[in-house]
Amino acid sequence: MKALKKILYLGLVGVLCLSMAGCSNSDKAFKVGDAEFSNEDVQKVEAILVNTADYTNEDYLADFIKSKDDKEAQEELKNQVLSYMINNEVVYQQAKKDNIKVTDDEVNEKYNEIETMLDLNTIYKNKLADLGVDKIYLKETIEKDLVIQKYKEKFEKDIIVTDKEIKDYYDNNKEDFKVESVQASHILISTLDYDNNTVDRYEKEKLKEKAYKILERIRSGEDFAKLAKENSDDKSSGKKGGELDYFTREDKSAEFTKEVFKLNQGEVSDVIETHSGYEIVKATNKKTEQKSLEDSREEIINRILAYKYLAHIQTLRENTKIEIF
């Protein structure tokens, strides 16, 4: 389920960031073929990317987001967004030339997936709504994302990744295939009602206050396990003093693991807000294991295909008229 959510978050970024083509605005940012994009378009895509980064374990924007007051970092972030948008538009235009199309059923299926994902995280959904992402917006843009996906699949279908390429990649990037996991205990103060909907703002503030009072008690020396048994809304782990089994970054939501994996052994987190509520976490152990070549094989193939696809996009860019203003 967590892997599916991550895929949908990343897919959603593609959907949202493809919707800007053809906008008329005198404050032009760039042009790909006949499609013009404004600075306002770029700013909106940047906002979507930054907000989405909070809900994935991808750290491609981490340095830029942390350095929001650094003009050089912000300029680099803008350049990354420009490149991202140009790549998408170049591929989309080539896909149209190749007569790649999608059906209404495919669009509706993707829309339903995204709606399900958004309903699981009302915080994220509200942030996107503030950026103007609504049902109409999604319906109008999903088709482009699917066209690009089909183009990519068509490209990769004819690519053969050899055993030598796989072994060479593994040998040269072994650090990438070390899996870190954490054993922890947590206390959950849920902000969801019986229908799995987020409670109203007033009730949520009361629950937040409750979570911080529990944190104060922990920091004053009270026993974490005892407080978990008495207060946690995760009854399954609560009866065990909040104990969770070992988990990786992929096993839990990103807004949770991003904070938990920063903790040293024995350290207690601040109050963490997730789609489930407010959580307090105590890290009890950490371990790192090296994945074998065979267990890493599928991931390596996907990475190599991605590199070859990026090289192909660069070739498309070289053969497309692109203007940056």
Side-chain angles (χ1 to χ4, degrees), residues 9-54 56 58 60-102 107 110-111 114 127-152 155 306 309-325:
Y9 281 129
L10 298 178
L12 182 60
V13 172
V15 168
L16 299 178
C17 296
L18 284 166
S19 63
M20 309 302 176
C23 297
S24 59
N25 191 307
S26 59
D27 189 16
K28 294 186 292 186
F30 66 93
K31 187 175 181 181
V32 178
D34 294 328
E36 288 187 359
F37 297 76
S38 71
N39 283 315
E40 184 180 348
D41 298 335
V42 176
Q43 289 164 8
K44 186 168 184 178
V45 170
E46 182 179 321
I48 290 168
L49 285 168
V50 168
N51 278 281
T52 301
D54 290 337
T56 75
E58 300 299 303
Y60 51 87
L61 294 175
D63 292 338
F64 307 129
I65 294 169
K66 288 175 186 174
S67 307
K68 61 177 70 174
D69 296 325
D70 184 330
K71 288 185 179 179
E72 186 176 335
Q74 288 309 294
E75 188 62 31
E76 181 59 26
L77 173 56
K78 181 180 178 181
N79 290 337
Q80 293 282 340
V81 174
L82 279 172
S83 181
Y84 179 90
M85 293 175 72
I86 290 170
N87 285 351
N88 278 338
E89 183 62 22
V90 164
V91 173
Y92 178 64
Q93 290 185 15
Q94 183 60 49
K96 287 197 296 184
K97 290 176 185 175
D98 292 350
N99 203 33
I100 293 176
K101 299 177 181 178
V102 295
V107 172
K110 180 69 173 180
Y111 173 78
I114 291 174
K127 285 184 178 181
L128 292 178
D130 290 341
L131 295 170
V133 178
D134 57 17
K135 181 175 181 178
I136 295 173
Y137 190 101
L138 284 173
K139 284 277 189 176
E140 289 176 346
T141 59
I142 284 172
E143 185 173 0
K144 284 188 176 181
D145 180 63
L146 293 178
V147 167
I148 287 181
Q149 285 181 29
K150 282 194 174 185
Y151 181 87
K152 182 174 182 286
F155 170 82
Y309 181 61
L310 286 173
H312 174 65
I313 292 175
Q314 184 57 38
T315 300
L316 292 179
R317 286 181 65 145
E318 290 168 1
N319 293 306
T320 302
K321 185 179 180 182
I322 299 169
E323 299 174 80
I324 299 177
F325 303 105

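From a predicted model like this one, the values you see are computed outputs, not experimental measurements.
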With rounding to the nearest 0.5 Å, note down the distance linking CD1 in Ile114 to CG in Asp145.
7.0 Å
Distance from Ile322 atom CD1 to Asn87 atom CG, nearest 0.5 Å?
8.0 Å
Evaluate the side chain to side chain contact (heavy atoms under 4.5 Å, CB included) criterion for residues Val102 and Lys150: first the C-alpha distance (whole Å), next the side-chain angles of each, then the deciding distance (0.1 Å), finally the verdict.
CA-CA 8 Å; Val102 295; Lys150 282 194 174 185; 3.9 Å; yes
Which of these passes side chain to side chain contact (heavy atoms under 4.5 Å, CB included) with Val90: Arg317, Glu318, Gln314, Met85?
Arg317
Once you round to the nearest 0.5 Å, how far does CD1 of Ile313 lie from CG of Asn88?
7.5 Å
Supply the atom-to-atom distance Glu143 CD to Tyr92 OH, rounded to the nearest 0.5 angstrom.
6.0 Å
Please check if atom CG in Asp130 has more than 12 non-hydrogen atoms from other residues, nucleotides or ligands closer than 6.0 Å.
yes
Quick one: closest heavy-atom pair of Thr320 and Gly33, and the distance?
CG2-N, 4.4 Å
Are Gln43 and Asn39 linked by a side-chain donor-acceptor pair shorter than 3.5 Å?
no
Of Lys96, Gln94, His312, the one forming a side-chain hydrogen bond (donor to acceptor under 3.5 Å, both in side chains) with Tyr151 is His312
Identify the two heavy atoms, one from Ala29 and one from Val42, that lie closest to each other, and give their separation to 0.1 Å.
CB-CG2, 3.8 Å
To the nearest 0.5 angstrom, please state how far the CG atom of Asn79 sits from the CD1 atom of Ile324.
8.0 Å
side-chain contact (heavy atoms from CB on, under 4.5 Å) involving Lys31 - partner list, sequence neighbours excluded:
Glu36, Glu323, Phe325
Look up atom CD1 in Ile100 and atom CG in Leu146, then write down how far apart they are to the nearest 0.5 Å.
12.0 Å
Could you pull out all residues at least two apart from Tyr309 that satisfy ring-ring contact (aromatic ring centres under 6.0 Å, His included)?
Phe155
Gln93 and side chain to side chain contact (heavy atoms under 4.5 Å, CB included): which partner among Asp34, Val32, Asp98?
Val32
